[in-house]
Protein chains: 2
Amino acid sequence: MKDIAELSGVSIATVSRVLNNNGRFSEETKEKVLKVIEETGYQINYSAKTLRMNKSFSIGILVPDITNLFFANVVEQIEEILFDKGYSTIICNTARDAKKEKAYLSVLVSKLIDGLIIISGADDFEFEHQSAKKEIPYVCIDREPKDKDRTIFISSNHYQGAFEATENLIANGVKHPAIVLHKKSSSSSKERFSGFKDALKKNNIDFSNEENTLFFHTNKQENKTLLKNFVNDHPDTDGLFTVNDNIGLDIILFLKELNIDVPKDIKIIGFDNVPTCEYSNPTLSSIKQDTEKIAKKAVSSLIKLIDGQTEDKGKIYLLPVQLIERESSKLQ
Amino acid sequence: MKDIAELSGVSIATVSRVLNNNGRFSEETKEKVLKVIEETGYQINYSAKTLRMNKSFSIGILVPDITNLFFANVVEQIEEILFDKGYSTIICNTARDAKKEKAYLSVLVSKLIDGLIIISGADDFEFEHQSAKKEIPYVCIDREPKDKDRTIFISSNHYQGAFEATENLIANGVKHPAIVLHKKSSSSSKERFSGFKDALKKNNIDFSNEENTLFFHTNKQENKTLLKNFVNDHPDTDGLFTVNDNIGLDIILFLKELNIDVPKDIKIIGFDNVPTCEYSNPTLSSIKQDTEKIAKKAVSSLIKLIDGQTEDKGKIYLLPVQLIERESSKLQ
DNA sequence: TTGTAAGCGTTATCAC
DNA sequence: GTGATAACGCTTACAA
């Protein structure tokens, strides 16, 4: 800027005004300055700007696993919107590791990020606003904040999705549905669980943990055995709602090995609508989340908070989901 | 820092020394200062540090599409290694848009990033080092740099992978192999193309663009027609090497509709080894890139450049790939 | 409409 | 060992 000022024969202050279009300069100087800027290929120094303005024009995103397609889609779309608004995004892959999450939060605070978007995660999110510093606005996607009044919570309607999936199974003739899920569960999979249970209740099917739930681990081989035992112990089972598509897809393979036909013997519906659903055999029915809406809502909510509009604080946005029917749940 | 200094009764300079472990302070002061820091929950201000040191402790990554699993894997691993080394990563999703790429580069320069990692992309990468500023070190993954002497190029051995895939098809009885690829091609898909051609040559199979190549577009329906026409025009075709798995997986579905059996009538091998390969029917053989090695090599190379070690500049690292045989290419 | 200068939170040089 | 202090590049209040 000093160079620009000298080359165009004005003061540094004027250069700054022109750069930020703050008014208080003549058309003539403006052109002079912009010309020099053009020629020199000047690039603003954001550190200095940040230091001075206490605003970094960057937003942090905390995501458990960027290789998960659902997350990747949301992140991609958030990033695009933010980019258009002049913010850059710092994507932090926490690898579902609480320690790493803490470390990242600390780095983000140090970088004076203007806002934070939290995507999913094992337990409720807590932001320990260190010291009396300016509080950093944040919004949560698919993960409940501990401090609900301070932030905005955006989530797909997991309950509704699970409910619809289960009712669809029943409508297609399933008499003994079961849910397959992981033991340690996020707020969203808890919602899915209760959607499943309520659908049974509504359809007068008794629910018991023993008969209607199967808990998977993370190891594939182990899960294969768990499934085998489950269908042995509960041979009536004729429909499975799997808490996500990865589980559903694995089960399709497992059942093939057990010579159990999908959908004739057992119907399956997953959750997330990952691309693989279209390539499996049979193709996997699933619940599709509206990643675009989620991303848009998250960004607009966050921007509001950043701009000091507090009227949405404490709000919860539940976004609708959509059942995508494919072969795995079809009536024969 | 000022507060810390006052609270612990030392000068700001001393606090800085303790924080950075620069020596020139007594054990006693150290403890005193660290205690206060602990209590106050002090967080360093990176903007100030960056401004002063002209070093930002952050690295930019340019990636065409974060929802592509191969890219996501590489990015994830790069991020993890960098995090352990105290760098934070700014992931820039260029969406294969040259304009956006330019815009991002400009932002990254403004943020004084210490280094840059470029992943893939349509054409050779050019970094127009603006003005006489400090030059930013960068390394390229799967994308050739224009200015080869300035940087380090890391790539899977796409040529070898394509060569092996093609030879494997031939070894399994394929007499009339064809390659399926996109018209506008990156440096890596060019390599794959020439690996394919050379494998034909070595096995005394004549190559012609007309008989042995099929160019796909981006539209799925269109591609289905293209494939249909191709197998009509060239009914001898009994093996396809698809330049990536997404094409291969689509073709499996298309051929099913055409009542052409895979692998009996036509054998297929893809490239990238995406997870879906294991779920399709038949499962898709593929070439697996070693994302871990790629990530490690990229980071270590970049760090060397950042540290001013120039002896590796201009080097090219070709990393081995691995054929994963599944049902789609098996001999019956 | 323009210029001067203080100050943002660090690090690094120098003096003690 | 420790402390003053200049400087990094920018914005902005105030003066002109």
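Reminder, nothing fancy here: chain letters follow the sequence lines and each chain counts from 1.
Pairs engaging residues 3-12 of chain A under the side-chain hydrogen bond (donor to acceptor under 3.5 Å, both in side chains) rule: S11(A)-T14(A) [sequence neighbours left out].
Remark: P of dT5(D) and NZ of K2(B) are 14 Å apart, rounded to the nearest angstrom. The CG-C1' distance, from N45(A) to dT10(C), rounds to 13 Å in whole Å. If you measure from atom NZ of K55(A) to atom C1' of dG7(C), you get 20 Å, rounded to the nearest angstrom. In this entry the distance linking NZ of K111(B) with P of dC8(D) reads 23 Å, nearest Å. Here the C1' atom of nucleotide dC8(D) and the CD atom of Q43(A) are 18 Å apart, to the nearest Å.
Considering only residues two or more places apart in sequence or on other chains, K190(A) meets the salt bridge (charged side-chain N to carboxylate O under 4.0 Å, His left out) condition with none of them. Not counting sequence neighbours, K85(A) has no partner by the salt bridge (charged side-chain N to carboxylate O under 4.0 Å, His left out) test. Every residue meeting the salt bridge (charged side-chain N to carboxylate O under 4.0 Å, His left out) condition with D272(A), not counting sequence neighbours, appears here in chain and number order: R192(A). Shown here are the ring-ring contact (aromatic ring centres under 6.0 Å, His included) partners of F25(A), two or more places apart in sequence or in another chain: there are none. The salt bridge (charged side-chain N to carboxylate O under 4.0 Å, His left out) test applied to R143(A) returns E101(A), D123(A), not counting sequence neighbours. F153(A) is linked by a ring-ring contact (aromatic ring centres under 6.0 Å, His included) to nothing, counting only residues two or more places apart in sequence or in another chain.
A heavy atom lying under 4.0 Å from DNA chain C marks the following residues of residues 29-38 of chain A, by number: T29(A).
Relative to the six-membered ring of F57(B), K55(B) meets both conditions, a distance below 6.0 Å and an angle of at most 45° to the axis.
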Show me the side-chain donor-acceptor pairs of residues 27-35 of chain A shorter than 3.5 Å, one per line, residues at least two apart or across chains.
from: T29(A); atom 1: OG1; to: S26(A); atom 2: N; distance (Å): 3.1
from: T29(A); atom 1: OG1; to: S26(A); atom 2: O; distance (Å): 2.9
from: T29(A); atom 1: OG1; to: S26(A); atom 2: OG; distance (Å): 2.6

Going by atom type alone, with no hydrogens or angles, which donor-acceptor pairs under 3.5 Å involve a side-chain atom of residues 299-309 of chain A and a protein atom two or more places apart or on another chain?
from: S300(A); atom 1: OG; to: K296(A); atom 2: O; distance (Å): 3.2
from: S300(A); atom 1: OG; to: K297(A); atom 2: O; distance (Å): 3.2
from: S301(A); atom 1: OG; to: K297(A); atom 2: O; distance (Å): 2.7
from: K304(A); atom 1: NZ; to: D312(A); atom 2: OD2; distance (Å): 3.1

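Contact check, Y42(B) against dT10(C): a side-chain N or O comes under 4.0 Å of OP1 or OP2.
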Checklist entry - Taking protein heavy atoms under 4.0 Å as touching, what does nucleotides 11-16 of chain D look like 5' to 3' if B marks base contact, S marks sugar-phosphate-only contact and - marks none? => result BBB---
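Using five terminal pairs a side, the axes of the helix from dT1(C)-dA16(D) to dC16(C)-dG1(D) at its two ends make an angle of 40°, given in steps of 10 degrees.
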